[in-house]
Structure formats: structure tokens, C-alpha cells
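Read through the structure below, which is laid out as C-alpha cells, and then see the notes.
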Amino acid sequence: MPRKPIEITEKIEYLSILDENANVDAKLEPKLDNATLKKMYRFMLLGRRTDERMLKMQRTGRLGTFPQASGHEAVSIGSVSAIEKTDWHIPAYRELAGMLYRGWSLEKIILYWNGYEEGAVPPEGVNDLPYCVPVASQLLHAAGVGMAMNIKGDKKVALTYFGDGSSSEGDFHEALNFASVFKAPVVFVCQNNQYAISVPLSKQMNCKTLAQRAVAYGMPGIKVDGNDVLAMYVATKEAVDRAKAGGGPTLVEGLTYRFTPHTTADDPKRYRSEDESKEWFGKEPLTRFAKYLQNKGVVTAKELEEMEAEVDAEIRAGIERSETLSKSEELMNPLAMFDYLYGEETEHLKAQKEELKQYLEHKKKGKKQQNHTAHAAGSAK
Amino acid sequence: MPRKPIEITEKIEYLSILDENANVDAKLEPKLDNATLKKMYRFMLLGRRTDERMLKMQRTGRLGTFPQASGHEAVSIGSVSAIEKTDWHIPAYRELAGMLYRGWSLEKIILYWNGYEEGAVPPEGVNDLPYCVPVASQLLHAAGVGMAMNIKGDKKVALTYFGDGSSSEGDFHEALNFASVFKAPVVFVCQNNQYAISVPLSKQMNCKTLAQRAVAYGMPGIKVDGNDVLAMYVATKEAVDRAKAGGGPTLVEGLTYRFTPHTTADDPKRYRSEDESKEWFGKEPLTRFAKYLQNKGVVTAKELEEMEAEVDAEIRAGIERSETLSKSEELMNPLAMFDYLYGEETEHLKAQKEELKQYLEHKKKGKKQQNHTAHAAGSAK
Amino acid sequence: MAGTKEMNMAKAINLALHEALERDENVVVMGEDVGYDEGVFRITEGLVQKYGEKRVIDTPLAEAGIMGTAIGMSIYGLRPVCEIQFSDFANYAFNQMESHAARFRNRTRGQIKTPLVMRMPSGGGIRALEHHSESREATWAHVPGLKVVMPSGPRSARALLHSAIQDDDAVVFYEPKSLYRLFKEEVPDEIETFPIGKAQVVKEGKDLTVVSFGASFRVALDAVETLEEDQDVSIELIDLLSISPMDHATICKSVEKTGRLVVVHEGPRNLGIAAEIIARVNENAFLSLEAPVKRVTGYDVPMPYFSKEQFFLPDADKVALACMETIKF
Amino acid sequence: MAGTKEMNMAKAINLALHEALERDENVVVMGEDVGYDEGVFRITEGLVQKYGEKRVIDTPLAEAGIMGTAIGMSIYGLRPVCEIQFSDFANYAFNQMESHAARFRNRTRGQIKTPLVMRMPSGGGIRALEHHSESREATWAHVPGLKVVMPSGPRSARALLHSAIQDDDAVVFYEPKSLYRLFKEEVPDEIETFPIGKAQVVKEGKDLTVVSFGASFRVALDAVETLEEDQDVSIELIDLLSISPMDHATICKSVEKTGRLVVVHEGPRNLGIAAEIIARVNENAFLSLEAPVKRVTGYDVPMPYFSKEQFFLPDADKVALACMETIKF
Ligand SMILES: Cc1ncc(C[n+]2csc(CCOP(=O)(O)OP(=O)(O)O)c2C)c(N)n1
Ligand SMILES: Cc1ncc(C[n+]2csc(CCOP(=O)(O)OP(=O)(O)O)c2C)c(N)n1
Ligand SMILES: [Mg+2]
Ligand SMILES: [Mg+2]
């Protein structure tokens with residue numbers, strides 16, 4: 001009849017490899033070839049520059065509101081580079097860099113945030129789901145995908161993302177629990193940018209780390225410097241390997257910072273101090289990785305410059321393609337709203353489609369008539 | 001740039017005071033006066049006997065399906081005896097003993113399981129909510145009540161219950177998280193009877209103890225021998241005191257066993273072995289507590305016998321009252337279904353009430369007519 | 001039709017599950033207590049024993065978890081057939097169904113589909129506990145992108161369940177639990193499907209159309225049979241079967257003939273299925289209507305605790321009264 | 001009426017919140033980002049600064065958590081006014097609202113009540129992201145035990161919000177977000193309430209009744225004004241305001257006069273509010289109807305992504321067309 005502490009056997013760790021001054025812990029450094037390292041950097045850069053360009057587009061009315069992703073590149077790329085194409089990538093909405101890495105075209109990204117469903121159609125050749133808006137709900141899809149892998153006997157993994165705030169949702173809990181009970185090969189990556197819009201993590205939860213929530217599911221948890229792409233890679237790769245070997249899911253917390261407002265509609269001055277932001281800007285993920293690559297001789301300063309130019313051109317071309325597409329007949333067709341709801345056309349939707357079609361024709365006629373009248377009026381002058 | 005374990009600072013403990021052979025750990029034994037100890041036993045007994053009697057009623061068609069509570073008396077009474085009347089008691093549906101302790105009359109309990117809303121009306125003088133059917137949802141009410149106590153500056157506590165299986169629901173997560181973030185004075189007691197209907201805990205979650213889920217909320221967790229009413233009391237009382245002192249919520253896991261089917265509609269042979277059940281019967285909560293009370297000189301064997309007789313009479317009287325009540329005009333009135341939905345009568349429900357009233361009158365007339373016809377036919381013979 | 005076998009609805013649904021697991025290795029059955037317990041209504045009898053724990057899955061107690069992971073599984077290529085223990089608890093899964101199961105195909109322009117079934121016992125009449133007897137099919141039918149069906153007996157249950165499982169979209173499959181063991185019916189040996197989106201004219205008639213579904217359909221049938229025996233009336237009876245998409249064409253065609261309509265269902269009246277039926281008849285057969293359409297439905301209150309549930313439910317007398325009032329209008 | 005002040009709807013709602021917090025110490029405001037961020041639409045401006053963090057509560061990101069704890073708080077004696085950031089995310093809170101907020105009073109025979117408000121921006125028209133523009137008021141209105149209201153401008157917003165906060169039952173308070181800053185209106189200095197369950201005849205007319213609510217009401221008003229200018233017609237316009245309980249008496253009275261009805265709303269048509277209105281008119285004013293009731297509503301698809309949302313939404317032309325067709329029927 002004792003009173004005794006219960007030992008927590010789940011392994012909860014902290015990992016950092018490349019610090020903000022680009023010092024690297026050689027013992028922990030992953031062995032990645034130069035091409036991979038370069039690719040990782042390139043997509044971090046592409047993500048960052050796309051985000052910045054999209055902000056400009058948004059400010060000039062060429063894009064809708066979108067959640068900015070600058071600062072989240074290391075969490076996204078460090079993890080996504082640890083999986084194969086045939087693995088599954090199930091993002092939330094700050095995985096811009098990772099989605100580009102997976103093959104989502106720039107025009108799709110832009111189309112999505114410009115209000116076109118075509119932007120949510122996954123690219124061929126990878127197993128990706130589109131952006132997910134109702135927070136934490138995607139985690140259950142990842143758990144289900146992982147369960148399906150086990151049922152089918154496929155040795156793959158599902159990599160999924162969520163924000164720190166989203167971990168308050170019940171779906172987070174159910175997803176981690178299902179994945180753990182069924183030993184589903186899932187890696188749950190938290191983009192811990194320390195805020196849910198305006199609410200700081202300290203008001204979101206009362207525990208010291210998000211990673212320790214893994215204890216509630218009997219799974220390993222690891223907190224990672226989320227601005228350190230190498231550490232994110234290592235932590236994710238370990239989790240991926242364990243998952244594929246039948247070891248079940250892992251919770252990876254990447255500690256990072258939003259360098260921008262929450263979305264283009266947000267004003268962070270209301271809830272974050274400039275000092276805090278400044279401090280975190282100093283921990284920026286691209287700078288240190290670029291330094292590391294240079295120190296290591298993977299890239300030269302000149303190559304980095306060239307990369308900037310390439311990326312810039314790529315983005316320009318993507319924007320152009322998106323703007324052409326968005327003016328295409330197919331993407332402008334409002335009647336398409338009825339076409340994809342069900343596998344087959346229902347009588348009911350057919351009738352509503354017809355109703356809208358007739359209305360649009362009526363409007364067109366009305367306009368023509370108006371134009372005609374206007375024209376006539378004009379010529380009468 | 002280290003890799004290092006993260007220390008879990010939440011205190012997770014195990015507690016047992018009175019073992020199945022009624023050995024007591026004197027260092028841990030709570031100082032309860034004899035009257036209290038007797039009262040605790042009496043309500044455990046009343047709970048047990050009521051449960052048994054209700055089963056008989058159900059088998060003979062005098063009661064609806066209900067979730068049996070035999071075996072859960074120590075978890076319920078050990079915890080409920082640690083709070084005051086002015087504190088809040090928010091049960092799930094296996095807290096029969098505790099509800100009786102709080103002043104729920106036997107007739108209310110029986111009315112509830114016999115399909116009368118009147119059985120869900122809390123008794124006066126205590127702050128209780130009725131049974132809650134959608135599992136885990138009540139935990140949020142408890143968190144809200146606790147938050148309200150803080151807002152109002154009231155030094156009270158909310159004591160709430162849930163099953164092991166229910167901890168898989170998202171509401172469980174959200175409730176513990178809210179309570180913890182707002183340091184709400186709430187004690188979350190898990191009736192861990194190791195099964196959710198048929199699903200064993202090992203298929204419900206992948207961690208060793210339910211108590212360790214507290215780590216995910218930065219709150220203390222304690223696993224208790226749930227058949228040991230003294231340990232349940234001590235663990236709860238500590239949690240209550242901490243909560244009232246502003247220390248926030250606690251998760252208390254009481255490990256116990258359902259000595260019966262899940263509900264009267266269930267057949268546990270499908271999923272539990274007889275051996276397992278037998279083993280747990282040996283750990284039964286009443287027997288050891290009765291022995292303890294006798295060893296301590298709190299009650300004599302004779303007094304225990306008398307208590308049985310008293311309890312038996314009490315139950316008989318309760319059943320009788322419930323059967324009288326259920327035949328009362330008020331409780332039989334179907335039109336009451338429209339009366340309590342909103343604070344005021346709406347035109348819409350008034351009309352539906354009238355519709356049903358007229359229908360019932362029409363039926364009555366029809367019946368009278370039929371009786372009349374039957375009577376006439378009879379006399380014609 | 002080749003041979004048939006007589007069975008109750010519980011058995012017919014169980015049969016469909018066995019058949020589906022047998023013929024398509026992508027079908028999996030999942031839910032709370034569907035494994036060794038064989039479901040609280042024993043609908044999943046014999047499944048785990050035959051198809052194993054990988055394909056007949058006892059899940060943790062979490063409805064959003066069940067439907068959310070089922071969505072993931074369906075996207076991966078499986079066809080999960082999920083049991084929600086009582087339809088009342090599907091509330092917890094509402095977000096996953098509304099935000100995702102109903103939308104994936106549409107938002108990915110047909111690329112991603114979610115072929116899954118959410119089976120759930122619903123309705124009153126078995127003296128069940130609170131939160132165990134509601135009929136809220138309208139809640140799900142109002143969600144664009146979901147399909148909702150409800151059988152009224154063994155044969156339609158088995159056929160519609162096969163249709164639902166074979167369907168490439170998410171289907172909410174309501175099981176009126178009071179019918180599980182109420183009566184037996186001949187069910188063909190061959191697997192049969194009923195097209196989702198089609199109602200059945202069960203009985204032709206001239207003076208009035210009665211539309212119903214699920215357990216209420218039995219009540220309506222009862223009333224119609226009694227009325228035709230006792231009174232000089234001829235009633236057309238339609239079993240809706242598919243609640244969304246709804247086959248208003250069949251209803252309107254009937255109303256064009258009879259001029260009169262009574263709709264019977266158990267769910268609350270306000271914004272219940274009858275309201276939509278009335279709206280569509282108004283739109284498509286307005287000039288044929290010779291009397292106001294009557295709704296015999298549950299009232300706009302939560303299902304009373306079971307001692308008084310019978311007063312909430314449509315019964316044959318209520319239906320018969322409504323029919324005669326409508327005919328005599 | 002004493003003095004008035006001109007303001008937009010965002011300001012009017014904010015004013016009501018300030019007033020409610022001021023006059024009743026049991027009122028608390030809670031939700032995601034309602035504190036220092038002052039709400040993503042700035043509806044809670046100035047509240048936390050004035051009433052402190054105890055009464056203006058930034059909650060964790062969890063809608064079931066918000067409504068579930070609000071239920072507990074309301075039972076304790078507070079009057080929580082909760083913000084769900086977008087009505088689309090209220091899906092997550094559906095179980096708490098349906099199973100509890102709607103039922104506590106009934107199941108405890110009036111002993112326990114849950115005076116709380118679930119405020120939420122809804123509807124399209126602001127080029128928002130997916131899952132940010134739906135109108136699903138019918139989902140909530142179908143739940144017996146809830147009340148659902150939707151204002152159509154600054155004055156009704158402030159008055160209805162006061163009514164909702166003072167109401168002893170759970171009220172779902174829809175805020176048509178496209179109206180937040182669309183126009184200004186005179187709002188009385190004195191606190192005003194509008195009775196929940198009452199519609200307003202905004203404009204009398206003879207040839208046709210138009211019923212609408214929320215943002216669609218503005219569209220309907222626009223159409224009606226244009227039609228009366230351009231055509232020789234007289235239209236009665238009703239602002240529903242309260243969706244449940246619904247004031248069908250006012251609608252039916254109007255239809256008895258005009259004989260014709262058009263209903264306009266943004267939510268999907270199938271089982272949308274118009275269906276219930278048609279059903280009630282059918283029940284209560286059948287003989288007055290001279291033409292089928294027209295529904296100008298959203299279609300039965302999820303709200304298209306914003307590049308094409310305008311085609312989904314009712315617009316003044318659609319309404320005008322429907323009105324003329326109905327009048328000419
Ligand atoms: C279920 C749900 N509720 C609310 C929102 C609105 N919302 C969008 S993002 C966000 C904050 C999310 O915070 P976090 O999870 O930390 O992710 P972050 O945006 O910081 O990456 C909120 C409240 C939403 N999208 N989904
Ligand atoms: C939300 C919800 N889902 C399903 C049910 C049906 N149900 C009633 S009890 C139960 C098992 C609960 O298990 P547990 O939480 O361990 O509590 P126990 O019954 O063992 O005390 C289930 C599935 C329910 N009541 N509520
Ligand atoms: Mg965040
Ligand atoms: Mg249990």
C-alpha cells in the first residue's frame with residue numbers, strides 16, 4: 001500500500017544541431033549529400049520569396065487573404081525532406097515551402113489563395129492532401145492514412161502538420177490517440193510559432209513543452225529548434241524510420257516564430273512586442289543554413305545570388321501562369337460549382353445548374369441590351 | 001546545440017492505503033471521524049444494494065436499461081466525501097453511490113432510469129448536475145463551472161467523473177486543457193474500470209496509465225487503487241485542497257472493475273474472461289472497508305447487519321415512492337414535453353401542444369366509444 | 001429473382017456487411033464495440049471472427065476520431081463502413097463529415113474521393129435512455145456533399161447498404177433501430193442494390209399520396225392499410241428511401257395524380273424532411289395541390305424520456321387522422 | 001425615441017457588448033482572440049481593456065471547449081457571450097450545443113438553465129477563404145431547444161444582441177459579416193431589445209410578400225426598391241430577424257393579403273429556412289396562395305471558393321426576377 005511516483009517511460013527530448021550563428025554540432029550533424037542540402041535550401045528560399053511576393057500581391061489587390069509562412073521554412077523543409085514521394089504529406093496551411101518541395105506548382109498555390117478550387121488539386125506523382133483550414137482536423141486524416149497503410153501492409157509514412165494553438169482542439173487528441181493505439185506510421189509535426197493568431201502559447205496550454213503531450217499517448221516526443229533545418233530533418237527522419245519499422249507515431253515540436261502577421265488581415269502589434277519579434281528575427285532559419293552551406297563548401301556566395309535570381313524568375317513565371325489560368329474559360333466557369341460534388345450528376349443539382357445557367361444567360365442578354373442601348377444612346381448623341 | 005532529455009516536472013503518483021485484505025498503511029491513513037467513516041460505508045452499501053435491486057427490477061420489466069455501478073462505490077464515495085455540499089458534483093453515469101450521498105433520492109434515480117425527466121432534477125441544497133450520457137461532454141461543464149468560480153472569486157471546487165474509454169473523446173482533452181489554462185478548481189476523477197463496454201483499455205490508449213495524461217496539461221496526476229475508498233478519499237481531498245488554494249485542477253485515476261455487465265443490455269462474456277472477473281471480485285471495495293471499520297472498532301458485525309436491513313427498507317420505500325410518482329398525473333402528462341424547453345411559451349410549441357392535446361382527446365373519445373361498443377356488444381351476447 | 005431467404009433487418013444488414021467484406025478487400029468495418037462485442041445491437045455478428053482485427057476494427061471511443069480516420073482511410077483507397085453506436089453521438093463527428101467528407105471531391109475537382117459509410121441506429125420506440133432515440137436525418141441531409149439514406153425493412157436495408165458501400169461518395173446510412181427485429185421479409189439470395197436518389201412507389205392509389213421513410217414508413221403503411229379497409233379511399237404510398245438526394249420527381253408525379261399529400265416522419269417538424277418535400281411539391285406541382293400538405297412528425301422538442309416517447313412518435317392513428325383530414329379538405 | 005447615433009453594424013455589436021458588460025456583472029465575453037486582438041473583425045474592441053481578463057477571456061483554440069465551458073459557466077450563474085471566430089467552425093461545438101445547451105432546462109424540468117449566446121460571423125461576400133463563408137443557420141434552427149436570430153443591420157444587431165444576452169436560454173446569434181461595415185444606421189442612445197420570435201414588416205405592399213433575413217435582407221430590399229421604382233408593383237417586405245422560433249404568423253398574415261411569396265436567403269436551399277417557411281404557409285395560408293412560393297437561395301453545394309462566390313449568393317437581380325415571375329404566375 002505505497003505512495004510512490006509513477007515513472008514516465010516515454011522519451012521526451014530536445015534537439016538542436018545548427019545554432020543561430022551557424023555553429024554546428026558535428027556529432028549530431030546528419031549526413032546529407034550536397035545535392036540534397038542545396039535542394040533543401042533552394043526550397044526554403046523559394047518558400048520565403050514566394051511568401052514575400054504574395055504579400056505584395058495581396059497588398060495590391062492581386063491576391064486574397066492568406067496565412068503568411070515566412071519563418072516556417074525550416075520546420076517544413078527539414079521534415080518534408082525526410083520522406084519519400086510515395087509517402088504522404090498532409091499539411092495545415094503554413095507549409096508553403098514544403099508544398100513547393102513536394103511539387104505543388106506556384107500557380108496552384110496562388111490560385112488557391114485567390115479563390116480557385118483548382119489550387120487544391122494535388123500534383124501528380126506524390127501523395128499529398130491540400131491545405132486544410134479547420135485546424136487540427138487534418139490530423140485525423142493522417143492517422144487514418146497511417147491506419148490504412150498498416151491494413152494494406154504498405155511500408156510508408158504519413159507526415160502531417162499543425163500549429164501550437166491547434167493542439168487545443170479535440171481532434172488533435174483523438175488523432176494522436178488513434179495513431180498511437182493502431183501504431184500507425186504517422187509523424188505529427190507541430191509548427192510551434194508560439195501564437196494562435198494573437199493568443200500566446202502560455203494561454204493556450206499550461207505545460208512547459210508541446211512535445212510532452214506525447215506522454216499522454218505513449219509515444220516519443222521531441223522538441224526541436226524549428227529554425228534549425230538540420231535538427232528538424234534529423235528528428236523527423238528518426239521518427240519516419242521508426243514509423244516504417246512498425247514503431248508507431250511520433251510527436252515532433254518545431255519551435256519557431258511567425259515573422260509576419262498571422263494572415264494579411266492581421267496586425268501583430270496588438271499582441272506581440274517588437275523586442276520579442278526582433279529577438280526571433282535573429283534566429284531566422286535561412287541565414288544560418290546559408291552560412292552553414294557556405295562554410296561547408298556546398299554553395300558559394302555567388303551561387304546563392306544566382307539562386308535568388310532563378311527563384312525570382314520562377315516566381316514571376318508562376319504568377320503569370322496563375323493569372324493566365326485564372327482568366328481561362330474553365331477556371332472562370334461558375335457552373336463548375338455543381339460538377340464535382342458527387343461522383344455522378346444528380347437530378348437536383350442538374351436543375352440548379354440549369355437555373356444558374358439560365359440566369360447567367362439572362363444577365364448576359366440584359367447586359368448586351370444595356371450595351372446596345374448605351375451604344376445606341378451614344379450614337380444618338 | 002545539444003540533444004538532451006526533457007525533464008517531466010508534473011508529479012504523477014500511485015496511491016494505495018487499504019489493501020484487499022484490509023491491511024492499512026498507517027502512515028497514509030486519513031484521519032476521518034467515525035461518523036464520517038460510517039456514512040461513507042453506508043452509502044457504498046446503499047449504492048451496491050440499490051444497484052442489485054435495480055437489476056432485479058430491470059429483469060422483471062419494472063425498470064429500463066441502466067448502466068450498473070456495482071464495483072464503483074469506492075471511487076465514487078471516496079471522492080465525493082472529500083467535497084462540501086456547496087461544492088459541485090458533476091457525474092457521468094456510474095456515480096450511483098455518490099449521487100445518493102449527495103442527496104439524490106432513490107425515487108429520482110429510479111425515475112431517471114425509468115424514462116422520466118423528473119429523475120434528472122437535482123435535489124435542493126447541493127450543487128449537482130444530473131447524469132450525463134454523451135460521454136466526456138460533462139467534463140467541459142465542470143471546467144466551465146470551475147472557471148466561473150474563479151471569475152466570481154468563490155473558493156469552491158467542481159468534482160467530475162468520466163470513464164477510461166471516455167478519455168479518448170476530444171472533449172476530455174479540451175476540458176482538461178481549459179481547466180488547466182484557467183487554473184480552474186476542478187478534480188477530474190476517472191472511473192477506470194478497464195473497459196469501454198467491450199473495448200479494453202489497451203485498445204483505447206497506448207500509454208501505461210491514464211494518470212500520466214495529466215502531463216499533457218501540466219497538472220498533477222495520481223493513480224489510485226479505486227477499490228480502496230481511503231486512498232480515493234486522500235487523493236481527492238488533496239486535489240480539492242490544492243484546487244481551493246488556487247493550484248488548479250488534478251487528474252485522479254481510480255483503478256477499479258465493473259462487477260456487472262456494462263448495462264443491463266450487455267453480455268460481458270463476449271469480451272472478458274471469467275478468470276479476470278474472479279480476480280477482480282477478490283479486490284471488491286465494500287468487503288475490505290467493512291473489515292477495516294470492524295478492525296478499527298467503528299462498527300460491529302451486528303451494526304453492519306442492521307445497516308443492511310435499514311438500507312433494504314430504504315430501498316423498498318424508495319421504489320414504492322417512485323412507482324407512486326410514476327403513476328401521478330403530473331409525471332404521466334405527455335403534454336409536459338412542451339413546457340420546459342424555453343423560459344417562455346412560444347407560439348410554435350403552444351400550437352404543437354394543442355395539436356397533441358386534441359389528438360389525445362380524440363383518442364380518449366375513440367376509446368370510450370370502443371369501450372362503449374364493446375360493452376354494448378358484450379351485453380348483446 | 002432467384003431464391004430468397006426470410007430474415008429480419010438486423011440480420012439483413014449483417015448479411016450485407018459479410019457480403020461486402022467478402023467481395024471487396026478494401027472494405028473495412030470500424031466503430032465502437034463492433035469487434036468481439038459484435039456491436040451493441042449485434043449487427044456486426046461474426047465479422048471479426050471471419051475477417052480479422054485488421055478489417056473489423058474496434059476503435060477508441062471517439063466519434064470524430066472514427067469518422068476522421070475513416071476519411072483518411074477512404075482517401076487512401078479503403079472503403080470504411082463505420083458504425084456510430086447511436087446516431088445521437090454522431091454530433092461529435094459533425095465537423096469531420098461537414099467540413100471534409102462532404103467536400104474533398106468538390107474542392108479537389110474530383111481528384112480525391114471519400115467512399116465511406118456512416119451507419120447509425122436512430123429513432124425511438126425501444127424504450128432507450130436519453131440521447132439514444134433522436135431522428136435528426138435533416139441535419140445531415142442539409143449538408144451539401146453528403147448522401148443520406150434510410151431503409152424501412154430487411155430488403156431495402158441490405159440493398160441500400162450495398163449501394164452505400166459501393167458508392168464513391170460519403171453516405172450517411174440511417175438504421176431505424178426499432179425495425180431491427182420487428183419483422184422478417186424475403187431477401188434475395190443475389191446481392192441487390194437500390195439506386196441512391198430513388199424513391200419507391202410501394203402502393204398505387206388515387207385519392208392521396210403518403211410519403212414516409214424508415215420506421216415511420218411502417219406506421220404509415222399500417223395506417224394506409226387500415227384506412228383502405230375501413231374507408232372508401234385509395235392511397236398511394238411512397239417509401240422515400242433516399243433522403244438526400246431526394247426523389248421529388250416521384251413524389252410530384254404522384255401528387256399530380258392524387259392532389260393531396262401527407263408526409264410522415266419521426267424527426268422534429270421544424271426544418272424536417274417534410275418541409276423540404278412540401279417546398280419541392282410547391283415548386284413542381286403547385287397547381288395540382290388540392291389541400292394543404294399535412295405533416296405527421298415528431299414535435300419540435302427533444303425526444304421525451306422513454307416513458308412518454310410514444311406520444312412524440314407518429315403512430316398509425318395520427319397518420320390516419322391526417323390522411324382523412326387531407327382527403328376531406 | 002430619445003437621441004440616436006449613426007454607426008455601422010460592427011460598432012453596434014461592439015456597443016451592445018460594452019453595454020451588457022457594464023449593466024450586468026454576470027456577463028462575460030469569451031472566444032478565440034477576443035481579448036487584446038479585439039476579435040478578428042474587431043467586434044470586441046476595447047472590452048478587455050475596460051473589463052479585464054476575468055470577464056473578457058481569450059480562450060484556447062477549441063470551439064467545443066468554448067461552448068462546453070460556457071454551458072458550465074451559464075449553469076453557475078454567469079451569462080457568457082461567446083464568439084465563434086467563423087460560424088463554419090461552430091461545427092466543432094455542435095455536440096455541446098445540441099446535446100446540452102438545448103436540453104438542460106427541459107431535462108431538469110426548468111431547474112437548470114443555460115443563458116448563453118453563441119455569436120458568430122457568417123455568410124459570404126467578403127472574398128474569404130474556404131470554410132469562412134457558409135450560412136448554415138438551418139442546422140442550428142433544426143435543433144429543438146436552441147433559439148437562432150440574425151440581424152440585418154446595426155440597429156437590429158444591437159437590439160437582438162441585448163435580447164439574446166438577456167434571454168434565459170441559449171441563443172445562436174448570427175452576424176452576417178458582409179454587413180459589418182457595409183452601411184451605417186441610426187441606433188438609439190437608449191438600450192433597445194427586439195423580442196426574439198418576432199419578424200418585422202419593414203415595408204407594406206399588396207402584390208407580393210418577400211421574406212428575408214441577414215445579409216440577404218439587404219439584397220431583397222435592394223430588389224424590392226428597384227422593382228417598385230421600375231415596375232408597377234407593390235411588395236411587402238418582411239425581415240425575419242428570428243429564425244427559431246419563427247414568426248410564421250406575420251408571414252402568413254402578409255401572404256393572406258398578397259397571395260404570393262418569395263423567400264430569399266444565402267444558405268443552401270435543401271432544408272434551408274425557406275423550406276420551413278413554405279411548409280408553414282402551406283399549413284396556415286394554403287388557400288391564399290396564388291402562385292408557388294419561390295426560393296432565391298444559395299445552391300446545394302458548398303460555398304464556392306471566393307473567385308466565384310458571387311454566383312452562389314442571391315443578388316438583387318435574382319430576387320427581382322423571382323419576384324416578377326411570382327407576380328406574373
Ligand atoms: C477549427 C478552427 N477554428 C478557428 C479557426 C480560425 N483560425 C485560423 S488560424 C487560427 C490560429 C491557429 O493557431 P496555430 O494552431 O498556432 O497555427 P498558426 O496559425 O500559428 O500557424 C485560428 C483561430 C480555424 N481555421 N479553424
Ligand atoms: C459520445 C458517446 N458515444 C458513445 C456512447 C455509448 N456508450 C455509452 S457508455 C460507453 C462506454 C464508456 O466507457 P467508459 O468511458 O470506460 O465508461 P464505463 O461505461 O466503462 O464506465 C459507450 C460507448 C455514449 N454514451 N456517448
Ligand atoms: Mg501558432
Ligand atoms: Mg470503462
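Proteins come first, then strands; the chains are lettered A, B, ... in the order of their sequence lines, and each starts at number 1. It should be emphasised that the depicted structure is a prediction, and the values quoted were computed from it without experimental measurement. What you see below is based on every heavy atom in this structure, not just the backbone, and it leaves out hydrogens, waters and symmetry mates.
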Going by atom types alone, do H142(C) and E276(C) pair a side-chain donor with an acceptor below 3.5 Å?
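Per modelled atom types, H142(C) and E276(C) side chains form no pair under 3.5 Å.
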Between S254(C) and E236(C), does any side-chain donor sit less than 3.5 Å from a side-chain acceptor?
yes
Winner by heavy-atom pair count (cut-off under 4.5 Å) against chain C, out of [options]:
| options | result |
| --- | --- |
| D171(A), L349(A), T346(A), I151(A) | I151(A) |
| N177(A), D154(A), L139(A) | D154(A) |
| M337(A), Q138(A), E118(A) | E118(A) |
| W88(A), F182(A), Y340(A) | Y340(A) |

Measuring heavy-atom distances to chain C, does [X] have an atom under 4.5 Å in its side chain, in its backbone, in both, or in neither?
| X | answer |
| --- | --- |
| A184(A) | neither |
| K108(A) | neither |
| N127(A) | neither |
| Y116(A) | neither |
| E117(A) | both |
| A143(A) | both |

Contact leader toward chain A among [options], where contacts are heavy-atom pairs under 4.5 Å:
| options | result |
| --- | --- |
| A64(C), G110(C), P144(C) | A64(C) |
| V28(C), D247(C), N26(C), D167(C) | N26(C) |
| G145(C), P115(C), S74(C), A70(C) | G145(C) |
| P60(C), A62(C), P80(C), P245(C) | P60(C) |
| D168(C), I71(C), I196(C) | I71(C) |
| Q111(C), M246(C), R105(C) | R105(C) |

Under 3.5 Å: donor-acceptor pair, side chain of T108(C), backbone of V121(A)
no
Heavy-atom cut-off 4.5 Å, strictly under: side chain, backbone, both or neither for [X] against chain A?
| X | result |
| --- | --- |
| R103(C) | neither |
| D58(C) | backbone |
| I112(C) | side chain |
| Y92(C) | neither |
| A170(C) | neither |

Assign the ring pair [X] / [Y] to parallel, tilted or perpendicular, where the plane angle (0 to 90°) is split at 30° and 60°.
| X | Y | answer |
| --- | --- | --- |
| H100(C) | H141(A) | perpendicular |
| H248(C) | H348(A) | perpendicular |
| Y217(A) | F172(A) | perpendicular |

For [X], I'd like to know if atom [atom1] has over 12 heavy atoms of other residues, nucleotides or ligands within 6.0 Å.
| X | atom1 | answer |
| --- | --- | --- |
| E124(A) | CD | no |
| E84(A) | CD | no |
| K253(C) | NZ | no |

The single option from R79(C), K113(C), K147(C) that satisfies salt bridge (Lys or Arg N to Asp or Glu O under 4.0 Å) with D169(C) is K147(C)
I need the single residue from Y161(A), Y93(A), Y112(A) that forms a ring-ring contact (aromatic ring centres under 6.0 Å, His included) with Y131(A). Which is it?
Y112(A)
Test item: R119(C) and V81(C) side chains (from C-beta on) under 4.5 Å apart, heavy atoms:
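Side-chain contact under 4.5 Å: yes.
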Quick check: closest heavy atoms across A142(A) and I90(A), and the distance to 0.1 Å?
CA-CD1, 3.5 Å
